[in-house]
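Taking it in order: structure first as structure tokens, then the write-up.
Note on naming: letters A, B, ... go to the chains in the order of the sequence lines (proteins, then strands), and numbering restarts at 1 for each one. Note that the coordinates shown come from a computational prediction; the quantities given were computed from them, not determined experimentally.
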Amino acid sequence: MPREIPKTYEPQQIEPRWARAWVEQQLFRADAKAAGPVFSIVIPPPNVTGSLHIGHMLEHTEIDILTRWHRMRGFNTLFLPGTDHAAISTQRVVARELAAQGIDYRKLGREEFEKRTWKWKEEYGGKITEQMRQIGESCDWTRERFTLSPELSRVVIDVFVRLYEEGLIYRGHYIVNWCPQCQTTISDLETIHEERQGSLWYVRYPVVGTSQHIVVATTRPETMLGDTGVAVHPEDERYRHLVGKRARLPLMNREIPIVADTFVDREFGTGAVKVTPAHDPNDFELGKRHNLPEIDVMTDDGHMSAAAGAYAGLERFEARKRIVEDLKAQGLLEKTVPYTHAIGVCERCKTIIEPRASTQWFCKMKPLADPAIAVVESGEIRITPENWREVYFNWMHNIRDWPVSRQLWWGHRIPAWHCRECKEIIVAREAPAKCKKCGSGKLEQDPDVLDTWFSSALWPFSTLGWPRETEDLRTYYPTTLLITGYEILFFWVARMIMMGLKFTGKVPFRTVYIHPIVRASDRQKMSKSKGTGIDPLDINRKYGTDAMRFTLMMMAAPGKDLIWTEDKIESSRNFANKIWNAARFLFVNLDKFEPGGATMEELASPEVRAAAPHRFRGELPLVERWIFSRAARTVAQMHGALQEYRFHEAAHVIYHFVWGDFCDWYIEWQKPLLTSSDRETATAAWRNIFSVFEAALRLLHPFMPFLTEELWHRLPQAATAKSIALAQYPQARPEWIDEEAERQFTLLQETITAAREIRATMKLDSKRKVAADFSSVEYDLRELIKANRQPVLRLASLSDLRVSGEPLQAAGGTVRSTARFDMRVASAEAVDIATEMGRLRKEMERLERDVESKKHRLEDATFLSKAPHHIIKGLRDTFFERQIELKKIKQRLEQIENNA
RNA sequence: GGGCGACUAGCUCAGUUGGUUAGAGCGCUCCCCUCACACGGGAGAGGUCAAAGGUUCAAGUCCUUUGUCGCCCACCA
């Protein structure tokens, strides 16, 4: 047993060793599948850049805590680490990496690009895995999670075909969001709206056959090249005479009809609107109603297309500038006013998205959404914290069809084949040999791939072997829990629910726990791209993983984002150090005790610990009854808090137990006993302190895995014990709860505190011991003090304590009183009387107010008739106590005044 | 424009179903380097729980309004 223990806990010397051991010995994986209740958990993918930031750590820590806790309770646990296809991001990052090497990915060809991406994914997966190992993640972060494996692909294709056959997948021609940078369609969810300062340009369109103009307002002049109409409100008197006439589109010299449509807002701009069906969702609908043609004036990379006439080839914003200039030159620009409006930008690359009319694959949502709403309403799926339920319903009720095709190379290829001869589209699981309509063999697979989230939506069952009725599917599906952040509630969570219900008929998970988001100190969401991400590995090196985990958990109150500032971690680091030193205390003192006494094996073996609490000559002293009672309560609270995903509560509970109860009181109280020459008593004390300590380690283990693992191994363990993570989590011990012991011990604590308070008032330094008087009218209380005289003297630094039932003479000393006892230290030296009186007066005023209000309430007949008995009784009891306290304070004040 | 949330000690935040003196960490003040720990020990100051109204015997907790600040959703040129 190593006995040279440094004074300070040094995580960097301990963590790497255990991280390695967990991985090499496959401790978590080996025992993951055992007999027992099932805990299966779906967890989200890491971000695609391959780097972790503090924001991820919260999620990983919660997952890891739940996993360790469940495994320690004998659950059969299983992870389904979420898929990371992240098609757009991946393609973009890989393309960038290739570009850095001077390679244009588009010239590589699809196959070669996929190959390169695979390689990159592997490296990335390896990097993430390595990082997760360093921080002690108990789940396996292997490359499988990035796999577009053939089996999974088959499931995705199967699902697509099934949905198509049911008419839920269809090809639609609509306005979609086009990102000219990523060069693909993106869904509404992937665009974010930003307020930007822009302009509203008022442009004159000459009315054909008249000398009149109709003035339209636009924020995007470049789209006017694609205008195929002008619309006004049918009841707008200003324009009624123009409806049915034609306008001449400036710059393009094209005649376009003036139509009437109720969609037009008479109040906005001039009340006349240009119609560009190919570049605006509203105009698209309007154009369909009035049979206006679509003219797409842009190219995939955001330049003006051949349809843009003289402007063809210009970048779209360059074209805007030129168009405005030209309009001005021709006297067709009536005015320009500054205008702030929201524009859509690509979530990933921040490029301004271009709405374009385009033919895409869509998935009908309504029939899938309705059952998904029902299961959350009925509680079959529980979303916690509950406020996210509303958000979920809100979105689901207003759900729109989902464009699922993406113009990318990386992802699951859409299983559709286009006939070159007859344009027939064939959706099938396998590539068809020939067109089923015209028999042509000239078939081409649709070049598009599926949105990342399409395959991710299937994850809970696709990974368990569905559609086969596998053992895994039977055992683990529906999974117990999904744990994720709210940013993918719609992307992923809602869609998993819909797809799960659709294809398995069952919910994919029982509970959805939405964890808070970690923000940087400026309240920005942590993000690598914004440079606001903090590398957890840096924090680890400085403070240790345990400290970082514990800090996050202390702050992680459900339903509220938390702000990461580095100073908070110091207190967790200190906590780790405190535990380390508590252990150090035990080991160092055991060294002193062992010669001639019992060995550590005899004092702390698993068998000995299991037999706790150990009696002292047939009896269990008060302090032992108290600490075991406190331990039992702590265990119960830990279970309750973790059951409800109240991580912050669990962290606070264990913190208080270890630091407040165990270190500050229990160890301090027991100190002399541990080196006592009374071997029998000392042995029992040692055995109990080791059992409580060891139980505390197990309680804490999910939160601080490294520190607890290290210390646990310094205690005697069974030869087969490999890790504290495989030990049993402390179980509730209701028989240890001892209310009487807690009440009595609290009184002893109050007595000691009262004496310390007096010492502080007298500004005595701790070496100077003084004699004190203790007085209480309660016989039991006096006996309690007498029975615990030694520890009280020691912890309060008193040389003597005279216990009596007589009132204390206040003169010439300092007194502290509670309702049940008085404590007095005589002293010849002058205490600061003014300060003391100020304190007493303030206390008196507070008590007077309190007593008055309680009296008032206790005289209230309605209160007495309506309030429950225990409330009335409690109030009455405290009322009497306050009254006594008040009386004592008043007497004390009088005495001081008389003396002065 | 809709929806959601927050406002509690100097700072960052807890506070389960309304119920007896509203808590923690950091910071601050005072005393201590006492043989586990100064990343420590002991003691203390500091809050009319954003404002107003309401429900109730009882409100930090429930309801309404207001203010301030966030977030999400939304096709108004």
Touch class at under 4.0 angstrom, heavy-atom based, for T753(A) against every strand present: sugar-phosphate
Interatomic distance, E843(A) CD vs A45(B) C1' [rounded to whole Å]: 13 Å
Sugar-phosphate, base or nothing in reach of K769(A), heavy atoms under 4.0 Å: nothing
Side chain to side chain contact (heavy atoms under 4.5 Å, CB included) partner of F550(A), chosen from L707(A), I569(A), I654(A): I654(A)
Proximity to the side chain of P868(A) - top-ranked nucleotide from C71(B), G19(B), A43(B): G19(B)
Proximity of F647(A) and F703(A) rings by center, below 6.0 Å: no
Assigned partner base of U12(B), Watson-Crick or wobble definition, under 3.5 Å: A24(B)
Proximal nucleotide (of C26(B), C37(B), U56(B)) relative to the K866(A) side chain: U56(B)
Interatomic distance, E487(A) CD vs C73(B) P [rounded to whole Å]: 11 Å
Nearest-Å distance once atom P is located in both G27(B) and U64(B): 41 Å
Protein-nucleotide distance (D591(A), atom CG; A36(B), atom P), rounded to Å: 12 Å
Whether H652(A) and H648(A) hold their rings parallel, tilted or perpendicular, with breakpoints at 30° and 60°: perpendicular
Atom C1', compared across A6(B) and G15(B): separation rounded to whole Å: 15 Å
Side-chain H-bond candidate by donor/acceptor type, D261(A) with H233(A), under 3.5 Å: no
Geometric class of the Y655(A)/F575(A) ring pair [parallel <30°, tilted 30-60°, perpendicular >60°]: tilted
Salt-bridge contact D236(A)-R266(A) (side-chain N to carboxylate O under 4.0 Å): no
Sugar-phosphate only, base, or nothing, as touched by A582(A) at under 4.0 Å among non-hydrogen atoms: base
Inter- and intrachain pairs under salt bridge (charged side-chain N to carboxylate O under 4.0 Å, His left out), touching residues 865-877 of chain A, at least two apart: K873(A)-D877(A)
Sugar-phosphate only, base, or nothing, as touched by P355(A) at under 4.0 Å among non-hydrogen atoms: nothing
Restricting to nitrogen or oxygen on both sides, can you table the protein-nucleotides 4-11 of chain B pairs closer than 3.5 Å?
none

Atom C1', compared across A9(B) and C73(B): separation rounded to whole Å: 37 Å
RNA chain B-proximal residues of residues 643-651 of chain A, any heavy atom under 4.0 Å: R646(A), H648(A)
Pairwise side chain to side chain donor-acceptor pair (under 3.5 Å) hits with a residue in residues 382-397 of chain A, at least two apart: R382(A)-E644(A)
Candidate nucleotides A77(B), C57(B), G40(B), ranked by approach to the side chain of F863(A) - the nearest: C57(B)
Nearest-angstrom distance, P atom, G25(B) to C69(B): 33 Å
Given RNA chain B, 5'-ward residue of the pair F268(A) and R846(A), judged by closest heavy atom: R846(A)
Base of C37(B) paired with side chain of R584(A) (donor-acceptor, under 3.5 Å): no
Atom pair distance, as rounded to whole Å: CG in L489(A) and C1' in C73(B): 12 Å
Distance under 6.0 Å and angle within 45° of ring axis: R857(A) vs F863(A): yes
Charged N-O contact under 4.0 Å between K855(A) and E848(A): no
Whole-angstrom distance between C37(B) and G47(B), as gauged at atom C1': 33 Å
Touch class at under 4.0 angstrom, heavy-atom based, for T8(A) against every strand present: base
Pairwise P distance for C49(B) and U61(B), with rounding to whole Å: 9 Å
Touch class at under 4.0 angstrom, heavy-atom based, for Y392(A) against every strand present: nothing
Watson-Crick or G-U wobble mate for U64(B), both contacts under 3.5 Å: A52(B)
Between C57(B) and C76(B) - P atom distance, rounded Å: 49 Å
Polar pair under 3.5 Å, donor/acceptor by atom type, side chain K578(A), base C37(B): yes
Sugar-phosphate only, base, or nothing, as touched by E885(A) at under 4.0 Å among non-hydrogen atoms: base
Residue pairs involving residues 541-550 of chain A (criterion salt bridge (charged side-chain N to carboxylate O under 4.0 Å, His left out); sequence neighbours excluded): D64(A)-R549(A), D538(A)-R541(A), K542(A)-E566(A)
Nucleotide nearest D265(A) (side chain, heavy atoms from C-beta), chosen from A77(B), G42(B), C30(B): A77(B)
Phosphate-side-chain proximity, N574(A) and G40(B), N/O vs OP1/OP2 below 4.0 Å: yes
Pair partner, G1(B) [Watson-Crick or wobble, under 3.5 Å]: C73(B)
Assigned partner base of A43(B), Watson-Crick or wobble definition, under 3.5 Å: U29(B)
Touch class at under 4.0 angstrom, heavy-atom based, for N398(A) against every strand present: nothing
Salt-bridge contact R839(A)-E843(A) (side-chain N to carboxylate O under 4.0 Å): no
Nearest-angstrom distance from the residue atom NZ of K873(A) to P of A58(B): 23 Å
Nearest-nucleotide pick for D567(A), side chain only, options being C57(B), C26(B), A77(B): C26(B)
Touch class at under 4.0 angstrom, heavy-atom based, for R857(A) against every strand present: base
Touch class at under 4.0 angstrom, heavy-atom based, for R756(A) against every strand present: sugar-phosphate
Side chain of K763(A) (C-beta onward), nearest among U20(B), C31(B), A36(B): C31(B)
Sugar-phosphate, base or nothing in reach of T878(A), heavy atoms under 4.0 Å: base
Selection residues 649-670 of chain A - residue pairs positive for salt bridge (charged side-chain N to carboxylate O under 4.0 Å, His left out), sequence neighbours left out: R630(A)-D661(A), R646(A)-E649(A), E668(A)-K671(A)
Any strand: nucleotide that pairs with A38(B) via Watson-Crick or wobble, under 3.5 Å: none
Touch class at under 4.0 angstrom, heavy-atom based, for W659(A) against every strand present: sugar-phosphate
Interatomic distance, D664(A) CG vs U34(B) C1' [rounded to whole Å]: 15 Å
5′-ward residue of the pair K568(A)/T270(A) relative to RNA chain B: K568(A)
Sugar-phosphate, base or nothing in reach of F263(A), heavy atoms under 4.0 Å: base
Check: H515(A) side chain, G485(A) main-chain N or O, donor-acceptor pair, under 3.5 Å: yes
Nearest-Å distance once atom P is located in both U20(B) and C11(B): 27 Å
